[in-house]
Amino acid sequence: MSSKPITELIHNASCLDDYDPNSMPVAQARRVIRDYLSPVTGIESLALRAALGRVLAADILSPHNVPNHDNSAMDGYAFNADDLQGESVTRLHITGTAFAGTPYTGKLAPGQCVRIMTGAMLPAGSDTVVVQERVQIEGDHIAFQQSLKRGMNTRLAGEDLKQGQVVLAAGHLLRPADLGVLASLGLGEVRVWRKLRAAFFSTGDELASIGQPLASGQVYDSNRYTLYGMLMRLGVEVIDMGVVPDDPALLEQTLLDASACADVILTSGGVSVGEADHIKALLAKLGQVVFWKIAMKPGRPLAYGKVGQAHYFGLPGNPVAVMVTFYQFVREAMLVLMGQADPAPLPLLQAVCIDPIRKLKGRTEFQRGILFTDQDGSWKVRTTGGQGSGMLSSMSLANCFIVLSEETGDLPALQTVQVQLLEGLI
């Protein structure tokens with residue numbers, strides 16, 4: 001990961017091929033943002049249950065083998081495979097029982113076996129387990145047809161994790177399974193990077209907050225609520241700075257306040273070309289901006305730069321465009337800033353679109369879609385209908401984006417398209 005100063009690009013555009021701050025392709029914009037990110041540096045120790053969704057700041061080494069002893073993978077009978085002597089039926093004497101947590105303390109002699117439960121330590125002298133469904137009980141003996149191999153139905157010490165092995169590397173985002181893995185090592189506390197702090201606000205005289213009556217020409221501010229939800233999903237510290245009117249002095253002070261307390265600043269609105277859009281002028285005064293527009297729909301007016309030491313993302317004002325640009329650019333950037341090493345891009349799958357699609361070439365589009373399985377089990381997708389960037393209900397209906405490349409134009413129905421799942425994001 002590069003840690004080049006953002007001014008290198010601002011003042012030396014030749015360092016990036018085809019740099020155009022007014023019309024940057026989606027893939028190029030992602031690369032530019034990624035190249036100017038540095039993760040947070042503060043570290044804290046957290047109890048295991050408080051660490052979900054946080055990023056490890058140090059490698060986790062296994063303090064012992066997992067499992068720490070050879071044990072049975074099934075309920076059955078443990079014995080030594082040397083007792084399989086070629087006869088069609090093996091007959092063994094039952095000498096005791098081994099439970100999980102209560103091992104059999106003796107050593108098996110030839111021709112002996114022990115009743116054993118799943119997870120119980122293999123008795124000394126045994127190396128194989130026959131499952132209980134395959135034996136016949138004959139008093140204090142068992143009999144079974146020979147078809148076993150040495151080591152069957154057993155789990156060896158260190159089979160999952162070996163002592164000293166790097167179990168989870170620094171930069172790993174902790175998921176539910178990871179908590180279980182750490183617990184299996186007996187670790188109750190981990191060192192993680194501190195939480196990323198994200199400040200956000202909406203701009204515009206036309207916006208009213210919930211609980212206020214709508215004046216003529218006003219609309220309720222929905223963007224702060226979708227931003228809040230998306231940020232909370234990422235597990236960052238959220239700083240809601242409200243709605244800021246189109247007043248240059250108020251906007252400047254809010255940007256300065258946000259840069260003083262946050263690692264990332266997100267605004268919605270104010271980055272287009274309207275006469276009342278003051279954010280662009282303020283950023284020229286307070287910080288640096290890498291680009292203003294993306295060759296995409298929805299979300300063409302997207303700004304990225306810095307205000308002080310805080311990374312700045314100026315998102316569009318239209319509600320759908322806010323969500324699309326967040327998922328396509330901000331999400332990955334914030335994962336990097338949180339300390340995650342090389343977060344994987346959102347996967348693209350293929351499906352047949354049952355609807356015709358209208359699209360102009362020259363820009364990437366993210367149309368809202370509904371992915372489903374047809375009666376034959378194949379994956380199909382349909383649009384949610386109207387694709388206007390102000391139609392926030394389309395995001396509630398959708399379970400995927402239909403991703404259409406710059407080269408793609410109008411498509412008839414029943415064409416294969418790429419889709420990006422929203423499950424786990426929205």
More than 12 heavy atoms of other groups within 6.0 Å of [X] [atom1]:
| X | atom1 | result |
| --- | --- | --- |
| Gln309 | CD | no |
| Lys297 | NZ | no |
| Arg115 | CZ | yes |

Backbone N or O of [Y] within a donor-acceptor pair of the [X] side chain at under 3.5 Å?
| X | Y | value |
| --- | --- | --- |
| Asp75 | Thr118 | yes |
| Thr128 | Gly151 | yes |
| Arg155 | Ser72 | yes |
| Asp247 | Pro245 | no |
| Asp374 | Asp376 | no |
| Arg175 | Leu52 | no |
| Ser126 | Leu122 | no |
| Gln415 | Pro412 | no |
| Gln340 | Val55 | no |
| Asn153 | Val129 | yes |

One pair to check against side chain to side chain contact (heavy atoms under 4.5 Å, CB included): Leu227 and Leu315. What are the steps and the verdict? CA-CA 10 Å; Leu227 279 172; Leu315 308 183; 3.8 Å; yes

Which pair of heavy atoms, one from [X] and one from [Y], lies closest together, and at what distance?
| X | Y | answer |
| --- | --- | --- |
| Ala29 | Met24 | CA-SD, 3.5 Å |
| Val190 | Ala51 | CG2-CB, 3.7 Å |
| Leu56 | Trp193 | O-NE1, 3.4 Å |
| Ser259 | Ala310 | CA-CB, 4.1 Å |
| Gly125 | Asn80 | O-ND2, 2.9 Å |
| Met395 | Arg368 | SD-CG, 3.6 Å |

Begin with the C-alpha distance, continue with both residues' side-chain angles, and end with the deciding distance and a verdict on side chain to side chain donor-acceptor pair (under 3.5 Å) for Thr408 and Ser405. CA-CA 5 Å; Thr408 302; Ser405 69; 3.0 Å; yes

Mind checking whether [X] and [Y] have side chains closer than 4.5 Å, heavy atoms only?
| X | Y | answer |
| --- | --- | --- |
| Phe372 | Arg382 | yes |
| Asn71 | Thr154 | no |
| Phe401 | Leu421 | no |
| Ile402 | Thr383 | yes |
| Arg197 | Val236 | no |
| Arg134 | Leu148 | yes |
| Thr373 | Trp379 | yes |
| Asp70 | Met121 | no |

Intermediate values then yes/no, salt bridge (charged side-chain N to carboxylate O under 4.0 Å, His left out), Lys195 and Asp263: CA-CA 10 Å; Lys195 270 195 174 186; Asp263 306 294; over 6 Å; no

With rounding to the nearest 0.5 angstrom, report the [atom1] to [atom2] distance, [X] to [Y].
| X | Y | atom1 | atom2 | value |
| --- | --- | --- | --- | --- |
| Ile210 | Tyr220 | CD1 | OH | 8.5 Å |
| Cys261 | Ile239 | SG | CD1 | 4.0 Å |
| Leu346 | Leu348 | CG | CG | 8.0 Å |
| Ser184 | Asp160 | OG | CG | 6.5 Å |
| Phe200 | Phe313 | CZ | CZ | 15.5 Å |
| His311 | Leu266 | NE2 | CG | 12.0 Å |

Residue from Val181, Asp178, Val66 passing side-chain contact (heavy atoms from CB on, under 4.5 Å) with Val167: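 In the set Val181, Asp178, Val66, the residue that makes a side-chain contact (heavy atoms from CB on, under 4.5 Å) with Val167 is Val181.
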
If you apply the rule salt bridge (charged side-chain N to carboxylate O under 4.0 Å, His left out), what do you find for Arg224 with Asp240, and how did you get there? CA-CA 8 Å; Arg224 280 171 42 240; Asp240 185 351; 2.9 Å; yes

Hey, mind stepping through Leu404 and Thr364 against side chain to side chain contact (heavy atoms under 4.5 Å, CB included) and telling me if it holds? CA-CA 6 Å; Leu404 306 166; Thr364 302; over 6 Å; no

Check step by step if side chain to side chain donor-acceptor pair (under 3.5 Å) holds for Gln218 and Gln212. CA-CA 11 Å; Gln218 283 193 316; Gln212 297 178 348; 5.8 Å; no

Mind running side chain to side chain donor-acceptor pair (under 3.5 Å) on Asp221 and Ser202 for me, showing each step along the way? CA-CA 8 Å; Asp221 174 26; Ser202 298; 3.1 Å; yes

Within 45 degrees of the axis of the six-membered ring of Phe329 and under 6.0 Å from its centre: does Arg30 put its NZ or CZ there? yes

Cation-aromatic face contact Arg331/Phe326, 6.0 Å, 45 degrees: no

Residues forming a side-chain hydrogen bond (donor to acceptor under 3.5 Å, both in side chains) with Asp205, sequence neighbours excluded: none

Hey, mind stepping through Tyr77 and Val131 against side chain to side chain contact (heavy atoms under 4.5 Å, CB included) and telling me if it holds? CA-CA 7 Å; Tyr77 294 85; Val131 296; over 6 Å; no

Would you call Asp127-Arg150 a salt bridge at under 4.0 Å N-O?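 Salt bridge flag = yes for Arg150 with Asp127.
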
Using a strict cut-off of less than 4.0 Å between a Lys/Arg side-chain nitrogen and an Asp/Glu carboxylate oxygen, indicate whether Asp342 and Arg34 qualify as a salt bridge. yes

Please step through salt bridge (charged side-chain N to carboxylate O under 4.0 Å, His left out) for the pair Arg194 and Glu237, ending with a clear verdict. CA-CA 10 Å; Arg194 70 162 172 84; Glu237 183 179 329; over 6 Å; no

Passes side chain to side chain contact (heavy atoms under 4.5 Å, CB included), Val166 versus Ile60? Steps please. CA-CA 6 Å; Val166 176; Ile60 300 293; over 6 Å; no

Residue pair Gln375 / Ser378, side-chain donor-acceptor N/O under 3.5 Å: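 The answer is no; no qualifying pair exists.
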
